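Some notes on the structure that comes next.
It should be emphasised that the depicted structure is a prediction, and the values quoted were computed from it without experimental measurement.
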Amino acid sequence: MRTKSITVLFFVFTTLISITAWADNRIPAEGEWEGKGGSRTFTPAPPEASVEGNTVSIHFRSALSDLTVSIMDETGVIYETVISSHGNSNYTCELPWVGQPGNYHILMVHGTYGYLGGGFTIE
């Protein structure tokens with residue numbers, strides 16, 4: 001019984017550390033995220049973007065499909081893709097784009113729910 005309790009505590013502690021580490025690298029986003037379809041429509045939680053080193057990840061707290069993600073620098077769009085949480089909530093998708101040092105802007109657009117965007121720096 002003691003081993004089982006220690007194992008459970010280990011997993012809880014590991015999860016909290018990974019969530020805290022992920023939260024510290026979040027890209028602050030602004031925009032509009034609301035459902036178009038009235039008060040009866042369920043609006044999923046907005047996706048969140050984070051950067052770890054030179055890798056950008058999108059975290060879905062709710063199931064969501066067809067999210068267009070664009071990364072821009074001062075010259076314009078340098079990377080664009082459409083991603084999905086594959087029906088899962090609490091799902092993280094690492095983008096295959098690897099950035100070089102510089103300032104960037106990310107824009108996440110969904111045809112039904114809206115858009116979110118924010119700036120970030122890769123050092």
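Taking CD1 of Ile83 as the reference point, atom CD of Glu94 lies at 11.5 Å (rounded to 0.5 Å). Between the OG atom of Ser50 and the CD1 atom of Ile27 there is a distance of 6.5 Å, given to the nearest 0.5 Å. Rounding to the nearest 0.5 Å gives a distance of 11.0 Å between OG1 of Thr43 and CG of Leu64. Distance check: Phe60 CZ to Asn90 CG gives 12.0 Å after rounding to the nearest 0.5 Å.
Counting heavy atoms from C-beta on, the side chains of Tyr91 and His59 never come closer than 4.5 Å. Using a 4.5 Å heavy-atom threshold, the side chains of Val56 and Tyr104 count as separate. Side-chain atoms of Ile71 and Phe120, non-hydrogen and from C-beta on, do get closer than 4.5 Å to each other.
Sorted by first then second residue, the salt bridge (Lys or Arg N to Asp or Glu O under 4.0 Å) pairs that include residues 53-72, not counting sequence neighbours, are Glu48-Arg61. Residue pairs meeting the side-chain hydrogen bond (donor to acceptor under 3.5 Å, both in side chains) criterion with at least one member in residues 74-83, sequence neighbours excluded, are Ser70-Glu80, Asp73-Thr75.
Between Ser62 and Ala45, the shortest heavy-atom distance links the atoms OG-N, 3.0 Å. Between Gly99 and Ile122, the shortest heavy-atom distance links the atoms CA-CD1, 3.8 Å. Contact between Leu67 and Pro47 at its shortest, heavy atoms only, is CD2-CG, 3.8 Å.
Counting only distance, with no hydrogens or angles, the side chain of His110 and the backbone of Ser65 share a donor-acceptor pair below 3.5 Å.
Under the 4.5 Å side-chain heavy-atom criterion for ILVMFWY residues, a single connected hydrophobic cluster contains both Met72 and Val109. Placement of Val51 and Leu95 within a single hydrophobic cluster is found when ILVMFWY residues are connected by side-chain heavy-atom separations under 4.5 Å, directly or transitively.
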Please evaluate residues Tyr115 and Glu32 with respect to the criterion side-chain contact (heavy atoms from CB on, under 4.5 Å), reporting the C-alpha separation (whole Å), side-chain torsions for both, the decisive distance (0.1 Å), and the verdict.
CA-CA 6 Å; Tyr115 66 93; Glu32 295 181 19; 3.9 Å; yes
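In this pair, Tyr113 and Trp33 present their aromatic rings tilted. The plane angle is within the 30 to 60° band.
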